[in-house]
Number of protein chains: 2
Amino acid sequence: MFELSQLRCFVAVAEELHFGRAALRLNMTQPPLSRQIQILERVLDVTLLERSNRAVRLTPAGQRFLADARHLLKLAESAAALARRVASGKAGSINIGFTATSAYSYVPALVAACRRELPDIEISLKEMVSSDQLKRLDSGEVDIGLLRPPIPRGNLSSFRVTAEPLVAALPGGHPLAQADQSRLEDLASEPFIMYEPYEARYFHDLLVELFSRASLVPNYVQHLAQIHSILAMVHSGVGVALVPETALNLRFSGVVLRPVLMQWQRPAELFFVWRSDNDNPLLPVIAGIARDLAARAGSIQSMDRSIQ
Amino acid sequence: MFELSQLRCFVAVAEELHFGRAALRLNMTQPPLSRQIQILERVLDVTLLERSNRAVRLTPAGQRFLADARHLLKLAESAAALARRVASGKAGSINIGFTATSAYSYVPALVAACRRELPDIEISLKEMVSSDQLKRLDSGEVDIGLLRPPIPRGNLSSFRVTAEPLVAALPGGHPLAQADQSRLEDLASEPFIMYEPYEARYFHDLLVELFSRASLVPNYVQHLAQIHSILAMVHSGVGVALVPETALNLRFSGVVLRPVLMQWQRPAELFFVWRSDNDNPLLPVIAGIARDLAARAGSIQSMDRSIQ
DNA sequence: TAGGTCGATACCTTTTTTGGATGGATCGGC
DNA sequence: GCCGATCCATCCAAAAAAGGTATCGACCTA
């Protein structure tokens, strides 16, 4: 098979229609150029150029091949450029896993920021629970996980991107909804809609600890995994619930969210997680974007909370 | 810039993920293969493969480049194949000029035969009068001319593809239309629709000679270049005319065509003409098709005439 | 810790490519 | 019609590149 250097030789000769000038352009002398063209023609088994002693002309096959040669050279050039861009993290693709709850606010913000700063990358998003994300991170199916603690030791790196308080979700007409804020013990005495212990393990365990520390035993009337399902239950008066503040973004009508007074509290945290040995060049870039976003969102969040 | 052989090396390694096996597949030993990959990476300035001592892995940039490398190799392959096909006359493109009259029967038959036997070629057809065709043949804008004599000496080759008698074109209700055939002197005494002496010089000169040899002086009432215009005139009763037999293919209603008895006669001839030094590989192939077609059409034509 | 695997390196051999000199054909001017 | 100029092809010696063998070094397994 021929080589790209031979295509460059051929294109030069085809454009100059003169071996001497073409050789000059290629920074070589004429004899090796003649030989390269001959080799190319022998490999192809096609006469590309008609050399009368006075002029060089393209044969029809040469004309056709010239177009293809130019095309190939251009493609080779852009393949190299693309590889460089991927290596430098300006292009490429990345797989991101995220939890259902993170989709309410953080994920859209992150994706928007990436699209703005890295317009040429391809982001593939997959919603899954934290434990599945950890599995896919390990297998390499997912480059970035946006998930809830705990993060196992091992070859994973991570940093926190959101930490939001839990708020009470109350039916619009509920007596507790009249006050500006609720107390945890008031919620515990109401019918309480609880998180499903496997699908929504993080929130389940978080609430269990919360009530346990406050020595409260709530009256669980329903277990659900998805926050929007919980809010729907609250809306229809089944009970009250505790949800992360980001539930505000759902704008669920007929449900009011109120800060909750707690002695001991822990925010709902979301982490940006990746395998330390993942060499996707986009990873550090996107991690940077995610970190900036977390910092900025953190300050806005606290502002929001102060004016609320 | 890199070379295609390096792409082949890279694809082999990327597919085997093992330098030793890849080298085996490439019919070489492992060290030079390692070196080629290193050169490729250095030229691109991109790490394509992650070699831990236990395993070889593609980097994201390598993954992306692998797809492009495969694509490039495939394109190179097909460019070579196409060049060979063009050189052998199985593909390519050709420019054909033809006279208006030849479009009634011979050109469509020729094009159909070419499409059948050379499905991958591109035929570009341009209608023009014979003299223009000769100019374009000379300049190389046209590869094949389908034109009327005379064909000048020089570097042109040609052969005859059709030779058809002239027939009388008569209005449907005309007294001469009653007879199975007409006599030339009958036509000469009618109002006669003549060919335009420049645009349709061949037919004009042919008829002038015809009448002159028969010592007839027709009554020219109109000069026109296009046969369909002449038939339209005949149809509307302006006069009678002499047209090549192929005018049958126009199926002009209200006009009847009748053989003409003549002492001295010469058929209307169409020639397949090309520049002897034209090296388009399609030329000999299409010339062969045209010749076959002429031979076959000739016999069919004479059959047609006998049963008419 | 010994043996095996696997990619990188060192070093030598072979092949390919390069470039100057030259050949041979053709064209244009005198 | 001869002479010089032009231009691509060929020849040959030198340089460069690629290939092969032996070996290294890291690492994994037993």
Under 4.0 angstrom between A/R51 side-chain N/O and D/dC7 OP1 or OP2: no

Answer yes or no: are there more than 12 heavy-atom neighbours, outside A/Y198 itself, under 6.0 Å from its atom OH? no

How close or far is atom C1' of D/dA9 from atom CG of A/L49, stated in whole angstroms? 14 Å

Could you spell out the base pairing of DNA chain C as a dot-bracket line? Use Watson-Crick and G-U wobble contacts where both distances are under 3.5 Å, [ ] for crossing pairs, | for partners on a different strand. ||||||||||||||||||||||||||||||

Just by distance, do the side chain of B/E50 and the backbone of B/A55 share a donor-acceptor pair under 3.5 Å? no

For each nucleotide in nucleotides 10-23 of chain C, reading 5' to 3', give B when a protein heavy atom comes within less than 4.0 Å of its base, S when such contact involves only the sugar-phosphate, and - otherwise. -------BBBBB--

Over how many whole Å does the gap from B/I37 atom CD1 to C/dC6 atom C1' extend? 15 Å

Cationic tip of B/R148 above B/F203 ring, under 6.0 Å, 45° of axis: no

Roughly, in whole Å, what's the span from CD in A/E50 to P in C/dA25? 17 Å

To the nearest angstrom, the CD-P distance between A/Q38 and D/dC11 comes to 10 Å

For atom CZ of B/R42 and atom C1' of C/dA8, their distance in whole Å: 15 Å

B/D292 vs B/I289, side-chain contact (heavy atoms from CB on, under 4.5 Å): CA-CA, chis, key distance, verdict: CA-CA 5 Å; B/D292 288 354; B/I289 294 174; 5.8 Å; no

Atom-pair distance (CD on A/E41; C1' on D/dA9), nearest Å: 12 Å

If you round to the nearest 0.5 Å, how far is CZ of A/R115 from CD of A/E117? 13.0 Å

When rounded to the nearest 0.5 angstrom, what is the spacing between CD in B/Q6 and CG in B/L44? 8.5 Å

A/S34 side chain near D/dC8 phosphate (N/O to OP1/OP2, under 4.0 Å): no

For A/E3 and A/S5, run side-chain hydrogen bond (donor to acceptor under 3.5 Å, both in side chains): C-alpha distance rounded to whole Å, both residues' side-chain angles, the deciding distance at 0.1 Å, then the answer. CA-CA 5 Å; A/E3 293 297 331; A/S5 59; 5.9 Å; no

Could you list the residues that satisfy ring pair (Phe, Tyr, Trp, His ring centres under 6.0 Å) with B/F10, not counting sequence neighbours? B/F65

Rounded to whole Å, how long is the line connecting atom CZ of B/R8 with atom P of D/dA18? 14 Å

Quick check with a 6.0 Å cut-off and a 45 degree axis cone: is B/R160 positioned over the face of B/F272's six-membered ring? no

Nearest-angstrom distance from the residue atom NE2 of A/H18 to C1' of C/dT26: 14 Å

